[in-house]
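Structure first, then comments.
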There are 2 protein chains.
Amino acid sequence: MRADAQKNYDTIVATATLVFTEKGMDAPLDEIATRADVGPGTLYRHFPTREDLIDAVIKSWIAQIEAAAHDAVLSDSPAREVLLSWFAEYVARISRNKGGPSKFTSAMSNPQSPIFSKCEVLREANERVLDRFRVEGVIRADIDSLEVCRIIGGVAMVADQTGLDELTTASMLGVVIDGLLTT
Amino acid sequence: MRADAQKNYDTIVATATLVFTEKGMDAPLDEIATRADVGPGTLYRHFPTREDLIDAVIKSWIAQIEAAAHDAVLSDSPAREVLLSWFAEYVARISRNKGGPSKFTSAMSNPQSPIFSKCEVLREANERVLDRFRVEGVIRADIDSLEVCRIIGGVAMVADQTGLDELTTASMLGVVIDGLLTT
DNA sequence: ACCTGAACACCGTTCAAGT
DNA sequence: ACCTGAACACCGTTCAAGT
């Protein structure tokens with residue numbers, strides 16, 4: 001990539017990160033281009049779709065969720081407690097930017113999506129945590145990680161759209177967890 | 001209301017019903033005005049916001065949910081079975097038009113919304129069903145109907161956005177129900 | 001009192017002209 | 001090879017002019 005192209009690419013991603021934080025993942029691309037001091041065509045050349053841009057923005061932090069999953073796998077606290085903080089963590093990550101829960105949860109079921117592979121990282125982290133408890137026999141074995149991601153994603157979408165606080169969200173997650181536990 | 005105004009009002013609502021069915025509740029208002037043979041200003045005069053229009057459209061069927069709730073209250077099938085078909089019914093109603101789950105579930109937590117009172121009808125129907133099982137002691141008493149509407153609404157939103165089939169949706173509802181049951 | 005439709009604003013998307 | 005920005009399309013919203 002040419003030096004000026006690389007510079008524009010980096011500036012656009014940095015600006016998008018900022019604008020997504022301020023206004024959510026549905027923020028006008030126009031504003032991103034303007035604040036990055038590039039023409040709209042430049043943004044489109046680098047990122048043909050909004051999801052391509054989202055993909056570049058989340059690249060810097062999406063893998064961090066694996067550490068949280070790792071903690072959940074190793075923790076010796078009660079299952080319900082571990083799952084509650086793990087799911088809360090999951091929700092917090094995909095809700096980092098407004099509009100995130102909707103984007104991630106939809107893309108997870110769509111292999112064509114530019115951010116599908118990033119969603120797989122989320123799902124696999126979840127899979128690892130669920131696997132631990134499946135082995136221990138404390139949660140149902142007939143619900144796969146995709147389905148769990150969808151249900152938790154649904155809770156996150158409602159919380160995101162409605163602006164619910166963490167306590168209310170945790171209460172909803174508690175219901176889902178009780179539905180997963182066999183005990 | 002003047003005769004011509006009344007006629008326009010009725011035509012707009014009828015056309016909106018059609019367009020919402022075809023393209024969902026986020027369909028362009030423009031198309032509704034054009035197909036109803038009125039100017040955009042006429043649509044805005046009668047319905048200042050999209051939600052005002054939605055309110056008029058759903059008026060004709062929103063109360064039907066009470067009959068389904070009534071059936072659920074009287075049914076002598078096992079609780080899990082009754083709740084599953086009730087929640088499936090609830091999801092089907094709010095998913096009648098694409099984009100519906102998101103609209104209803106958001107408005108339910110916002111008393112300022114023009115469709116808030118319609119959402120109350122949904123919530124109260126749910127309340128009646130939940131009350132029956134609370135009295136019987138088969139479901140948790142610490143989760144109110146608003147919270148249940150939110151969780152089920154979240155499932156409906158995911159299903160709506162992702163285009164999930166009824167079986168997959170029912171499976172997710174099953175998890176939520178198991179989380180509500182005390183047995 | 002109500003309707004019309006031109007006009008404006010906003011935003012996504014394309015592409016001819018430039019470097 | 002890449003960038004610019006004018007231009008177009010689309011859609012929501014307003015309002016002066018009409019009936």
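By convention in this document, chain letters (A, B, ...) are assigned in the order of the sequence lines, proteins followed by strands, and residues within each chain are numbered from 1. Values below: every heavy atom of this structure, side chains too, minus hydrogens, waters and symmetry copies. Keep in mind it's a predicted model, so treat the numbers as computed, not measured.
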Over how many whole Å does the gap from [X] atom [atom1] to [N] atom [atom2] extend?
{"X": "A:D30", "N": "D:dA6", "atom1": "CG", "atom2": "P", "answer": "13 Å"}
{"X": "B:E51", "N": "D:dT13", "atom1": "CD", "atom2": "P", "answer": "12 Å"}
{"X": "B:Y9", "N": "C:dC3", "atom1": "OH", "atom2": "C1'", "answer": "17 Å"}
{"X": "B:Y44", "N": "C:dA6", "atom1": "OH", "atom2": "P", "answer": "17 Å"}
{"X": "B:D26", "N": "D:dG12", "atom1": "CG", "atom2": "P", "answer": "9 Å"}
{"X": "B:D4", "N": "C:dA1", "atom1": "CG", "atom2": "C1'", "answer": "8 Å"}
{"X": "B:I32", "N": "D:dC11", "atom1": "CD1", "atom2": "C1'", "answer": "12 Å"}
{"X": "B:R2", "N": "D:dT19", "atom1": "CZ", "atom2": "P", "answer": "14 Å"}

Handout entry: Side-chain donor/acceptor of B:T169 to backbone N/O of B:A88, under 3.5 Å
Key = no
Practice task
Identify the nucleotide, in any strand shown, that forms a Watson-Crick or G-U wobble pair with C:dG18, with both distances under 3.5 Å; if there is none, say none.
Solution key: D:dC2
Exercise for the section: For D:dC8, give its Watson-Crick or G-U wobble partner with both distances under 3.5 Å, or none. Expected result: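 C:dG12 - that is the nucleotide pairing with D:dC8, both distances being under 3.5 Å.
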Nearest-neighbour nucleotide for the [X] side chain, [options] considered:
{"X": "B:P40", "options": "C:dC3, C:dA6, D:dC3", "answer": "C:dA6"}
{"X": "B:V38", "options": "C:dT4, D:dC3, C:dC3", "answer": "C:dT4"}
{"X": "A:T42", "options": "D:dG12, D:dC3, C:dC2", "answer": "D:dC3"}

Please confirm whether the shortest side-chain N or O distance from [X] to OP1 or OP2 of [N] is below 4.0 Å.
{"X": "A:N8", "N": "D:dC3", "value": "yes"}
{"X": "B:R45", "N": "C:dC2", "value": "yes"}
{"X": "B:H46", "N": "C:dC3", "value": "yes"}

Practice task
Classify the side-chain pair B:N8/B:T11 by whether it contains a donor and acceptor separated by less than 3.5 Å.
Solution key: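 Not at all, the side chains of B:N8 and B:T11 share no donor-acceptor pair under 3.5 Å.
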Exercise for the section: Among A:L164, A:V91, A:I151, find the one that has a side chain to side chain contact (heavy atoms under 4.5 Å, CB included) with A:M172. Expected result: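 The passing option is A:L164.
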Exercise for the section: Run the numbers on A:R123 and A:S145 for side chain to side chain donor-acceptor pair (under 3.5 Å), then give the verdict. Expected result: CA-CA 6 Å; A:R123 198 187 54 70; A:S145 60; 2.8 Å; yes
Exercise for the section: Can you measure from CD1 (A:I12) to OH (A:Y44) and round to the nearest 0.5 angstrom? Expected result: 11.5 Å
